[in-house]
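Nothing here was measured: the structure is a model prediction, and the numbers come from that model. Note: hydrogens, waters and symmetry copies are ignored here, and every other heavy atom, side chains too, is used.
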Amino acid sequence: MPMNAADASAPHTDFAALRRLHARAVRDSVTLVRRMTPGELSRPTPCSAWTLAGLLAHMTAQHHGFAAAARGEGREPAHWAVRPLGTDPVGEYTAAAEKVIAAFATVEGPDQAFALPEFSATRTFRAARAIGFHLIDYVVHSWDVARTLGLAYTPAPELLRAALPIARAVPDDDSRLAPGSAFRPGLTAGEGADVLERILTALGRSPHWRGPEHGAAAHDAGR
């Protein structure tokens, strides 16, 4: 999910920890995607413009794009192209997820430049910041998939502690109202909200979203 908030940054000073937590976030999404069935691909998601099939195609494309950026090839549009799901969408998604984790493992350090054309056509981003972008996407997308399928999603506390300041760093401005915006205007977290709920509301998602298959009407919670 390309962020309109190109200046959101990862607050980590420990680059190795950031990469480890990123891998955990991505593999959490794989665990959830592996539980879906082909018949569930048409379900609505918290990203209101997408069914589960559209969301999964987007997530797969983003893995390929960020992997290319880590290799110094991020300016090539083909790496970011969203393609229709093939005959094995779960296998394709799993392979793309492992591809981006492996690519990030080869990054030389937190200051390596990443070209992210969906964020900016002219500037590059520090690796630590780019990996933070991808981490927050997959914390949120894991929730999207879990909520679509009616599954539990319980990220590790360490991952949530890392994700919260990244989510809060995303500017909450008029760009969130633009067509195709990654996030909707922020919501107010309820009293006693847990860390995941604070992440979701910061990015305009309602923690109470339920798809129609799970007994409630879907609400616009992003895109």
R20 and E158: CA distance, side-chain angles, deciding distance, salt bridge (Lys or Arg N to Asp or Glu O under 4.0 Å) verdict: CA-CA 11 Å; R20 174 174 54 81; E158 182 185 17; 2.9 Å; yes
Minimal non-hydrogen separation, [X] against [Y], with atom names:
X    : Y    : result
A152 : A146 : O-CB, 4.2 Å
A127 : F15  : CB-CZ, 4.1 Å
G186 : D172 : N-OD2, 3.0 Å
A25  : L135 : CB-O, 4.2 Å
R24  : A156 : NH1-CB, 2.9 Å
H79  : A68  : CG-CB, 3.4 Å

Please tell me if the side chains of [X] and [Y] come closer than 4.5 Å, counting only heavy atoms from C-beta onward.
X    : Y    : answer
W143 : P155 : no
R43  : T51  : no
R83  : T60  : no
M36  : P89  : yes
L52  : L149 : yes
T148 : P44  : no

Mind checking the [atom1]-[atom2] spacing from [X] to [Y]? Nearest 0.5 Å is all I need.
X    : Y    : atom1 : atom2 : answer
Y93  : D88  : OH    : CG    : 14.0 Å
R161 : L159 : CZ    : CG    : 10.0 Å
R168 : I136 : CZ    : CD1   : 11.0 Å
H134 : L18  : NE2   : CG    : 12.0 Å
L196 : L164 : CG    : CG    : 10.0 Å
L55  : C47  : CG    : SG    : 5.0 Å

Working for side chain to side chain contact (heavy atoms under 4.5 Å, CB included), residues R27 and I101: CA-CA 9 Å; R27 288 183 174 133; I101 291 169; 3.7 Å; yes
Geometric class of the F104/H22 ring pair [parallel <30°, tilted 30-60°, perpendicular >60°]: tilted
Does [X] use its side chain to pair, donor to acceptor, with the backbone of [Y] at less than 3.5 Å?
X    : Y    : result
E40  : T37  : yes
Y138 : M59  : yes
R147 : W209 : yes
T45  : W50  : yes
S142 : S29  : yes

Side chain to side chain contact (heavy atoms under 4.5 Å, CB included) assessment of T188 paired with T201: CA-CA 6 Å; T188 301; T201 54; over 6 Å; no
Cluster check V26, L151: I/L/V/M/F/W/Y, side chain < 4.5 angstrom: yes
Within the 6.0 Å centroid threshold, strictly below: F66 and F133: no
Validation row, ring centre W80 to ring centre H64 under 6.0 Å: no
Name of the residue among L187, V139, V140, I166 meeting side chain to side chain contact (heavy atoms under 4.5 Å, CB included) with L203: V140
Test: K99 and E92 ion pair at under 4.0 Å: no
R75 atom CZ: more than 12 heavy-atom contacts under 6.0 Å: yes
Heavy-atom neighbours of D174 CG exceed 12 at 6.0 Å: no
Candidate pair H141 and Q62, rule side chain to side chain contact (heavy atoms under 4.5 Å, CB included), full reasoning: CA-CA 11 Å; H141 281 328; Q62 289 290 295; over 6 Å; no
Residue pair L56, V145: steps toward the side chain to side chain contact (heavy atoms under 4.5 Å, CB included) verdict: CA-CA 9 Å; L56 187 60; V145 173; over 6 Å; no
Let me have the donor-acceptor pairs involving side chains of residues 107-116, under 3.5 Å, with sequence neighbours excluded, atom names and distances please.
residue	atom	partner	partner atom	Å
D111	OD1	R126	NE	2.6
D111	OD1	R126	NH2	2.9
Q112	OE1	E108	N	2.9
Q112	NE2	A70	O	3.0

